[in-house]
Amino acid sequence: MVKRSFLSLEGITKRYGRHAALDSVDVEIARGDFVTLLGPSGSGKSTALMAIAGFVLPEEGRITFDGTDITRVPPERRGFGVVFQGYALFPHMTVAANIAYPLEVRGESRAAIDQKVRRVLDLVQLLGMEERRPSMLSGGQQQRVAIARALVYEPPLLLLDEPLSALDRKLRGELQAGLKALHARLGTTFVNVTHDQEEALGLSTKVVLLSRGRVAQQGSPGEIYDRPRTAFVADFIGNANVLALDGMSQTQHGWVGQAGTSTLRLLPLHPVAAGGKAMVAIRQEAIGLGAPPAWDCDAIEGTVIDVERIGPVVRVLFDGADAGLLRLSMPATVETPTSGTATHAWWRVADAVHVLDERS
Ligand code: ADP
């Protein structure tokens with residue numbers, strides 16, 4: 001089923017002086033999506049989120065929400081829930097008063113406010129904390145209060161600006177699970193900002209990867225991970241190996257190219273010029289060691305130079321001589337290779353993804 005666009009950014013450009021924080025950004029968001037804006041620091045994630053919220057006015061382009069142009073509508077009239085990086089709770093007010101505040105501003109009745117505050121406290125699992133002040137809560141609890149406050153008036157869209165970045169890893173994991181459950185329960189459209197690719201892949205129904213103010217790729221986490229469009233996407237998402245092939249030629253086995261002295265096959269996904277260069281991305285977990293098991297595999301000869309066990313995975317560094325270095329990742333349950341072993345690194349040709357030569 002094709003989902004109608006709920007929120008769309010069309011050709012959004014925002015400049016600070018001569019620098020474009022956003023450069024012709026197009027993003028499509030469907031109702032009920034959990035979208036993550038992902039990218040390195042300075043790539044334009046917060047600017048994009050703040051343009052959706054209405055705090056940043058773009059010089060060019062259009063933002064439409066549910067069929068209406070909202071490009072110039074002020075933030076308070078958009079009615080979106082926003083959770084900022086700092087939790088921005090009122091320190092002198094109790095948890096209940098913090099959450100009730102947006103409803104009081106809207107002039108709702110005491111009874112309605114009490115009922116809504118309880119409901120949202122239940123959603124973020126903070127019932128019983130009503131009378132505490134923010135200073136009496138942990139960072140994770142404060143963050144849940146900020147989320148509750150943004151959700152209490154049932155906004156059609158919840159915008160989250162790196163809400164979990166200040167928390168330690170374990171707590172972040174718990175709150176990520178909480179956010180995912182909240183999204184599933186409410187069905188509200190979420191737009192989240194993060195620089196953490198695991199968070200993006202784990203939580204989202206859609207990932208928008210930004211680089212230098214442009215959209216490098218957008219799609220489901222599976223699409224972005226399995227079919228990166230460029231060398232930058234392959235590297236940023238999953239830290240894939242990117243090999244440069246040259247002397248591309250079409251043979252009876254399809255397109256092949258040279259990585260040093262190794263001849264490797266490539267299934268073209270983009271135009272390829274005979275005699276020219278091409279790039280392939282191979283995910284770390286798609287590479288095996290030892291004799292290639294089948295005709296549809298390619299391999300390079302080399303040496304295992306480092307082996308590192310990190311809990312459930314073993315990371316291997318393989319020196320493919322003139323073909324370059326490869327990083328491998330395998331479950332710790334398989335036989336662990338030893339450093340210094342001369343062997344082959346192999347992968348299925350179907351796992352070598354042809355990517356465009358864009359490194360940023
Ligand atoms: P991200 O959220 O991905 O880290 P930002 O959206 O905050 O990136 O910033 C994108 C770019 O725009 C950066 O180069 C940043 O320095 C610049 N920028 C953001 N906000 C401002 C501002 N208010 N004034 C000047 N430059 C800004």
Side-chain angles (χ1 to χ4, degrees), residues 5 7-16 18-30 33-52 56 58-63 159-162 165 190-245 266-272 277-286 327 351-360:
S5 181
L7 178 75
S8 75
L9 277 63
E10 298 162 45
I12 293 294
T13 295
K14 173 66 197 171
R15 292 189 197 88
Y16 290 108
R18 292 178 54 197
H19 173 76
L22 296 174
D23 185 1
S24 251
V25 164
D26 295 318
V27 176
E28 289 290 330
I29 293 173
D33 263 347
F34 191 138
V35 177
T36 296
L37 305 175
L38 176 69
S41 178
S43 57
K45 305 181 294 293
S46 292
T47 306
L49 194 80
M50 289 303 135
I52 296 172
V56 159
E59 280 90 32
E60 285 164 41
R62 207 161 77 108
I63 301 178
L159 307 174
L160 302 140
D161 191 7
E162 299 221 42
S165 63
F190 283 21
V191 184
N192 177 44
V193 162
T194 187
H195 57 268
D196 176 346
Q197 49 110 347
E198 267 186 41
E199 179 181 321
L201 295 178
L203 291 186
S204 324
T205 55
K206 175 168 189 165
V207 176
V208 179
L209 178 55
L210 292 167
S211 169
R212 296 172 184 248
R214 290 170 168 263
V215 176
Q217 190 167 353
Q218 58 185 310
S220 70
E223 279 161 12
I224 296 231
Y225 189 78
D226 293 334
R227 284 278 173 269
R229 200 179 65 84
T230 67
F232 166 77
V233 178
D235 181 50
F236 193 84
I237 305 276
N239 211 220
N241 295 283
V242 178
L243 294 179
L245 307 183
L266 171 140
L267 304 173
L269 297 171
H270 312 281
V272 178
K277 295 179 191 297
M279 290 192 127
V280 287
I282 311 163
R283 295 192 314 273
Q284 299 194 20
E285 68 279 18
R327 292 178 303 267
D351 285 331
V353 181
H354 181 200
V355 291
L356 293 171
D357 185 10
E358 288 171 25
R359 322 277 177 118
S360 65

field: Chi angles and distances behind the side-chain contact (heavy atoms from CB on, under 4.5 Å) call for His354, Val272
entry: CA-CA 10 Å; His354 181 200; Val272 178; 3.5 Å; yes
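- In this structure, the side chains of Asp161 and Met50 come closer than 4.5 Å at one or more pairs of heavy atoms.
- Remark: the backbone N or O of Thr230 is not paired with any side-chain donor or acceptor of Glu358 at under 3.5 angstrom.
- Two residues are said to be in side-chain contact when any heavy atoms from C-beta on lie closer than 4.5 Å; Val353 and Pro228 meet this criterion.
- In this structure, Tyr225 has no ring-ring contact (aromatic ring centres under 6.0 Å, His included) partners at least two apart in sequence or on a different chain.
- Taking a 6.0 Å sphere around CZ of Arg214, one finds it holds 12 or fewer heavy atoms contributed by other residues, nucleotides or ligands.
- Once rounded to the nearest 0.5 Å, the distance linking CD1 of Ile12 with OG1 of Thr47 reads 12.0 Å.
- Side chains of Gln218 and Val27 form a contact here, defined as non-hydrogen atoms less than 4.5 Å apart.
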query: Could you go step by step and tell me if Val208 and Val35 meet the side-chain contact (heavy atoms from CB on, under 4.5 Å) rule?
result: CA-CA 7 Å; Val208 179; Val35 177; 4.0 Å; yes
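- No side-chain heavy atom of Ile224 sits less than 4.5 Å from a side-chain heavy atom of Phe236.
- Shown here for Glu59 and Arg15, the closest heavy-atom pair between the two residues is OE1-N, 2.6 Å.
- Residues Asp226 and Arg283 have side chains in contact (heavy-atom distance under 4.5 Å, counting atoms from C-beta outward).
- Nearest heavy atoms, Val215 versus Asp26: CG2-O, 3.8 Å.
- Side chains of Asp357 and Lys277 form no contact here, defined as non-hydrogen atoms less than 4.5 Å apart.
- Note that CG of Asp23 and CG of Leu210 are 11.0 Å apart. Values are rounded to the nearest 0.5 Å.
- When every heavy atom of Gly213 is checked against every heavy atom of Val25, the shortest pair comes out as O-CG2, 3.2 Å.
- Across all non-hydrogen atoms, the minimal contact from Lys14 to Pro58 is CD-CA, 4.2 Å.
- To the nearest 0.5 Å, the span separating CD1 on Ile237 from CG on Leu38 amounts to 5.0 Å.
- How far CG of Leu9 is from CD of Glu28: 9.0 Å, rounded to the nearest 0.5 Å.
- To the nearest 0.5 Å, atom CG of residue Leu356 and atom CG of residue Leu269 are 9.0 Å apart.
- Taking both residues in full, the closest heavy atoms of Pro40 and Lys45 are given as O-NZ, 2.9 Å, listed atom of the first, atom of the second, then distance.
- Annotation for Glu198: atom CD does not count as buried by contact number, only 12 or fewer foreign heavy atoms lying within 6.0 Å.
- Annotation: the span from His195 atom NE2 to Ser43 atom OG amounts to 10.5 Å, rounded to 0.5 Å.
- The two residues Lys206 and Pro221 make their nearest non-hydrogen contact at N-CD, 4.3 Å.
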field: side-chain contact (heavy atoms from CB on, under 4.5 Å) assessment of Gln284 paired with Asn239
entry: CA-CA 8 Å; Gln284 299 194 20; Asn239 211 220; 3.6 Å; yes
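- You'll find the side chain of His270 stays beyond 4.5 Å of the side chain of Met279, heavy atoms only.
- The aromatic rings of Phe34 and Phe190 sit tilted relative to each other, their planes meeting at an angle between 30° and 60°.
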